[in-house]
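First the structure, in the form of structure tokens, and then the observations on it.
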Amino acid sequence: MTVEEAERIEVTVGAPAHGGHCVARHEGQVVFVRHALPGERVIAEVTETHRGFARADAVEVLEAAAERVEPPCPYARPGRCGGCDLQHVAPDAQREWKSTVLREQLERLGGLEPTELAALDLTVRALPGGPLGWRSRVRYAVDAADRAGLRKHRSHEVVPIDRCLIAHPTLQELPVLASSGRRWPDADEVTTVVSSGGDVAVRELGRGGTRTVDGPETVAETAAGRDWRLPADAFWQVHPAAADTLTTAVLELLRPAPGETAWDLYGGVGLFAGALAGPLADGGRVTVVEADPELVAAARANLADLAGVEVVQAPVERALRRRRIAGPVDLVVLDPPRSGAGREVTEAVAGSGARAVAYVACDPAAFARDVRTFRAGGWRLAEIRGFDLFPMTQHLECVGLLLPG
Ligand SMILES: C[S@@+](CC[C@H](N)C(=O)[O-])C[C@H]1O[C@@H](n2cnc3c(N)ncnc32)[C@H](O)[C@@H]1O
């Protein structure tokens, strides 16, 4: 008998898997269970059925794991806000969970052998500041009644909320959410931003594009020993300690030397190029490649004081195909979106003559697939640093050092 949607099943929960759930089995069928922990016995309500697997939410815990805690947010419950997947897990155990996911993805999708995995430190490290109040950028969705809220897990349905506990305290004060009485008749989404320079901005995205509702058009950030200015809703790391943590990891792993050349691929406003430019000075060069024209303009402005930095506006794959950038190059930073760099870009980077690549990854599955491509091209994953840039959620960030040979 297979599991049916809305049916309640009793299962023993197994290991965490990519995506914020644990794997269980019910009558031979795989069930991905959210709101659960490995080793628990739970009653789970089936939310989706597919050929060969089902999804379910743990709605009653019969035998709790020692790592289970009461979720601090009342919306982090089955059927409510889908933003946080791990609020029911103690913070240390969240990082162990992420480390397990990283290992599993590198083994299954990356093709790493047990001996290679054993040689890597897959610890996922906490950033300063604790698991709540960190998020410096929050994008809310607007529901049919023009109220701003957050979406349910795997659904377009918007849950009106009166606060988001992982949001930075400054953002929680803003009169944006339904509880403030504020309505958003012209918007599909509302973005709130607080920058390290103290700027606070609210932008709405609607049929007419985006517009600033409150605060400045651009915000100031400080990272990697430099000051940055960027459009309020442009890409920037959402954890206040993330930009410094990632640039430090990239510099420590790549060890740039004066006179070397580097590519900063998927460069955004040029964060990694800005960090590399100093150590590469005395004849070194960095080329940033970024597709978004607004980010390219910000990168050019932010990096204008640095000699030897060029910013190319193009999709990375096209820049490589049309030889707008071409090897040999010494160092490469790859920081692609969640979907990863993909085979074409990864093969081109593997053939670029680089002596080292730092791959900054926000999705362990896409990262592992690209690692497999590097390995097929004769490279190896020499070191990895995992960071908990998104506490309370299933997301993890890592920086991998890939070396040829
Ligand atoms: C994860 S962000 C990294 C940005 C930057 N490295 C940083 O740390 O601030 C990924 C960036 O890749 C850009 N992007 C996405 N697809 C791209 C593509 N095919 N070619 C070039 N840039 C792309 C996005 O606009 C975004 O700025």
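When a ligand or atom number is given, it counts from 1 through the structure's own listing order. Counting from 1, the numbers follow the sequence of the chain as shown. No experiment lies behind these values; they were computed from the predicted model shown.
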Out of all atoms in ligand 1, which are within 4.0 Å of some heavy atom of [X]? Include the element for each.
X      : value
Glu317 : 19 (N)
Gly268 : 4 (C), 5 (C), 27 (O)
Leu271 : 8 (O)
Leu295 : 25 (O), 27 (O)
Pro336 : 1 (C)
Phe272 : 6 (N), 8 (O)

Got an N/O contact under 3.5 Å between Glu290 and ligand 1? yes

Shortest protein contact, atom 20 (N) of ligand 1 (heavy atom only): Val316 N, 2.9 Å

Verify whether one side chain among Thr210 and Arg203 offers a donor that lies under 3.5 Å from an acceptor in the other. yes

Has Arg255 got more than 12 heavy atoms of other residues, nucleotides or ligands less than 6.0 Å from its CZ?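 No, because the 6.0 Å sphere around CZ of Arg255 holds 12 heavy atoms or fewer from other groups.
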
Would [X] and [Y] pass as an ion pair if we require N to O under 4.0 Å?
X      : Y      : value
Glu157 : Arg151 : no
Glu252 : Arg385 : yes
Lys98  : Asp388 : yes

Side-chain (Thr47) to main-chain (Arg55) donor-acceptor, under 3.5 angstrom: yes

Using atom types as modelled and distance alone, determine if a side-chain donor or acceptor of Arg135 lies under 3.5 Å from a backbone N or O of His239.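 Here the side-chain-to-backbone pair does not exist.
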
Ring-face cation of Arg182 near Trp184 (centre distance under 6.0 Å, axis angle within 45°): yes

Between Trp228 and Arg226, is there a cation-pi geometry (under 6.0 Å to ring centre, at most 45° from the normal)?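 So Arg226 does make the cation-pi contact.
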
Among Ala291, Ala361, Cys362, Pro337, which residue places a heavy atom closest to atom 16 (N) of ligand 1?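 It is Pro337 that holds the nearest heavy atom.
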
Which is closest to atom 9 (O) of ligand 1 in terms of heavy atoms, Trp236, Phe235, Tyr266? Phe235

Counting only heavy atoms closer than 4.0 Å, does ligand 1 sit against the backbone of [X], its side chain, both, or neither?
X      : answer
Ala314 : backbone
Ala243 : neither
Asp335 : both

Heavy atom of Arg318 under 4.0 Å from ligand 1?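 Outside the 4.0 Å threshold, so no.
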
